[in-house]
Amino acid sequence: MKSNQQADTYAIDSHKLIYHPVRTAEVLQAAGSWEKSQKVYPLYMEISPIGVCNHRCLFCAVDYIGYNTERLPLALFQERLPEMARLGVKSVMFAGEGEPLLHKDMGEILQVAHKAGLDSALTTNATILPPGFIEKGLPALSWIKISINGGTPEGYQNIHRSKAGDFEKVIQNMKTMVDSKRARNLDCTLGAQALLLPDNADQMARLVEICRDEVGLDYLVIKPYSQHLFSETKRYETIDYEAFLSLGESLSQMGKPGFSVIFRGKTMQKYSESDRYDHCYATPFLWGYIMANGIVSGCSAYLLDERFEYGNLKEQGFQEIWEGERRRKGWQFIQKELDIQNCRKNCRMDEINRYLHTISTGSVPHLNFI
């Protein structure tokens, strides 16, 4: 019997900061010192190339931003991505407030990131493949994760609030990507993800079959919902995952060689926990977020909160922003004022914060007996 832990080849339900000991040490050594913190650059950036989205998902975390028509031009990426790589950024994920594949230059943008030496990823609803994406973008990617939150056309349309026929379109586009990967022997890992909700729990087994047998993906992630601080939607705010944890064993058993079902049971269990670290160690150090309007933010859970906004890439270089006065003020706020009890549960940096908290506090018994 293969456990869920073994099935998670990509450490999706954990973290990978342990493989970056130098940057970890820099963060820990910078505690309380702006002079040291100023030069600690993120390992990972999330970038929203465009604000528009063609779906209105029931669970959308960033509905409060308004799906605006902002987009970052190719020329900006050509200038800023090499700069970010030079300064120490290792990876970028294109996702954000909108649907990234609605950006007509997405293939070229991914090529720019790849040539700069950045590992690139894409989270998408895959309802559209812009011109040149398969030819130019796919070979430049480390991985793609398709958001597909239903196992039937009706279930999918209900949750995504999409056009009729989008479910079938997504499946066909996933097949196109799989066929291209295999034909050209590409390294890009092709996966999908679904939020486990009361509305779709009975469709997850069918979704596994589609991803495994009909499409031929590398994995399917089934993960929990997390209420965003500012979301207009509150539909799933009180969700209790205790009743769904038993699904993990049966769904994980549906994996096979070359295809994993990654059921994020550990994260689901944490959703109802009240005890955790008391300080955010990751922000504004290890990651950052670039909005479709160019604003550089320290945390995606606080988009539009000026305390987390450090500058705009349309007006300044990344180094000027990251080492600038606004980030210093943001750093100071997080050090002295931020109450993480008000933060989003299971945020993207949660496991990293738990790891850094353990190191900082020495809370593992007998930790010097290595």
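By convention here, the first residue in the shown sequence is residue 1.
Using a 4.0 Å cut-off between charged side-chain N and carboxylate O, E351 and K270 make a salt bridge. A salt bridge between E46 and R348 is present, with a side-chain N of the basic residue lying under 4.0 Å from a carboxylate O of the acidic one. A salt bridge between D179 and K175 is absent, with no side-chain N of the basic residue lying under 4.0 Å from a carboxylate O of the acidic one.
With hydrophobic clusters built from ILVMFWY side chains whose heavy atoms lie under 4.5 angstrom apart, V22 does not share a cluster with W287. If you chain together hydrophobic residues whose side chains sit under 4.5 Å apart, Y19 and L356 fall into the same group.
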Chi angles and distances behind the side chain to side chain contact (heavy atoms under 4.5 Å, CB included) call for E154, N158: CA-CA 6 Å; E154 298 78 14; N158 175 57; over 6 Å; no

Trace of the side chain to side chain contact (heavy atoms under 4.5 Å, CB included) decision for R327 with W34: CA-CA 10 Å; R327 179 169 169 263; W34 169 244; 3.6 Å; yes

Residues K223, I12; criterion side chain to side chain contact (heavy atoms under 4.5 Å, CB included); working and verdict: CA-CA 10 Å; K223 66 179 189 177; I12 291 172; over 6 Å; no

Test side chain to side chain contact (heavy atoms under 4.5 Å, CB included) applied to V92 and F77, step by step: CA-CA 12 Å; V92 291; F77 287 105; over 6 Å; no

Test ring pair (Phe, Tyr, Trp, His ring centres under 6.0 Å) applied to Y225 and Y241, step by step: CA-CA 9 Å; Y225 171 81; Y241 277 103; 8.2 Å; no

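Panel note: side chain D218, backbone L190; a donor-acceptor pair is recorded below 3.5 Å. R212 contributes no side-chain N or O that, together with a main-chain N or O of F259, makes up a donor-acceptor pair within less than 3.5 Å. When atom types are taken as modelled, the side chain of R184 and the backbone of P139 share no donor-acceptor pair closer than 3.5 angstrom. Under a 3.5 Å cut-off, the side chain of D119 and the backbone N or O of S142 do not form any donor-acceptor pair. In this structure, the side chain of R23 engages the main chain of Y41 through a donor-acceptor pair within 3.5 Å. S260 contributes no side-chain N or O that, together with a main-chain N or O of G255, makes up a donor-acceptor pair within less than 3.5 Å. Using a distance-only test at 3.5 Å, with no hydrogens or angles considered, no donor-acceptor pair links the side chain of Q319 to the main chain of E83. Using a distance-only test at 3.5 Å, with no hydrogens or angles considered, no donor-acceptor pair links the side chain of S180 to the main chain of M177. Distance alone, capped at 3.5 Å, places no donor-acceptor pair between the N293 side chain and the E70 backbone. S37 contributes a side-chain N or O that, together with a main-chain N or O of A30, makes up a donor-acceptor pair within less than 3.5 Å.
Within the 4.5 Å cutoff, side-chain heavy atoms of I210 are placed close to those of F167. At a threshold of 4.5 Å between non-hydrogen side-chain atoms, the residues I222 and L220 count as touching. Between M45 and L118 the shortest side-chain heavy-atom distance does not fall below 4.5 Å. For the pair L43 and L17, the minimum side-chain heavy-atom distance is below 4.5 Å. You'll find the side chain of E323 reaches within 4.5 Å of the side chain of K39, heavy atoms only. Taking 4.5 Å as the limit, some side-chain heavy atom of I144 sits within range of a side-chain heavy atom of I146. Between H114 and L110 there is no side-chain heavy-atom pair separated by less than 4.5 Å. In this structure the side chain of N54 reaches within 4.5 angstrom of the side chain of T127, judged on heavy atoms.
Using modelled atom types, one finds no donor on one side chain facing an acceptor on the other under 3.5 Å when comparing Y156 with N200. Using a 3.5 Å distance cut-off with no hydrogens or angles, the side chains of E97 and Y289 do pair a donor with an acceptor. Of the N and O atoms on the side chains of Q172 and E168, not one donor lies less than 3.5 Å from an acceptor on the other residue. Between the side chains of Y67 and E99, no donor N or O sits under 3.5 Å from an acceptor N or O.
M268 and P224 get closest at one heavy-atom pair: CG-CB, 3.6 Å. When all heavy atoms of K136 and E108 are compared, the closest pair comes out as NZ-OE2, 2.9 Å. Taking every heavy atom of both residues into account, L138 and C188 meet most closely at O-CB, 3.8 Å. Nearest heavy atom pair, residue R71 against residue L102, reads NH1-O, 4.1 Å. L207 and I148 make their closest contact through CD2-O, 3.5 Å (heavy atoms, listed as atom of the first residue, atom of the second, distance). Closest heavy-atom contact between Q203 and G150: OE1-CA, 3.4 Å.
Taking the centre of each ring, H279 and Y277 stay at or above the 6.0 Å mark.
When each of W143, F263, Y10 is tested with Y219 by the rule ring-ring contact (aromatic ring centres under 6.0 Å, His included), just one qualifies, namely Y10. Residue H55 forms a side-chain hydrogen bond (donor to acceptor under 3.5 Å, both in side chains) with just one option from H160, K163, R161, Q157, and that option is H160.
Aromatic ring orientation, F318 versus W322: parallel (interplanar angle below 30°, classes split at 30° and 60°). Between Y64 and H228, the ring planes lie tilted relative to each other; the angle falls in the 30° to 60° range. In this structure, H15 and Y355 have tilted ring planes: the angle between them lies in the 30° to 60° band.
Distance check: C211 SG to R206 CZ gives 10.0 Å after rounding to the nearest 0.5 Å. Note that CG of L197 is 8.0 Å distant from CE of M204, once rounded to the nearest 0.5 Å. Note: L313 CG to I47 CD1 = 8.0 Å, rounded to the nearest 0.5 Å. Between atom OG of residue S48 and atom CD1 of residue I65 there is a gap of 8.0 Å, rounded to the nearest 0.5 Å. Between the OG1 atom of T176 and the NZ atom of K181 there is a distance of 15.0 Å, given to the nearest 0.5 Å. Atoms SG and CD, from C299 and E309 in turn, are 12.0 Å apart once rounded to the nearest 0.5 Å.
Within 6.0 Å of the CG atom in D187, the count of heavy atoms belonging to other residues, nucleotides or ligands does not exceed 12. At most 12 non-hydrogen atoms from other residues, nucleotides or ligands lie less than 6.0 angstrom from NZ of K336. The number of heavy atoms from other shown groups lying within 6.0 Å of NZ (K104) does not exceed 12.
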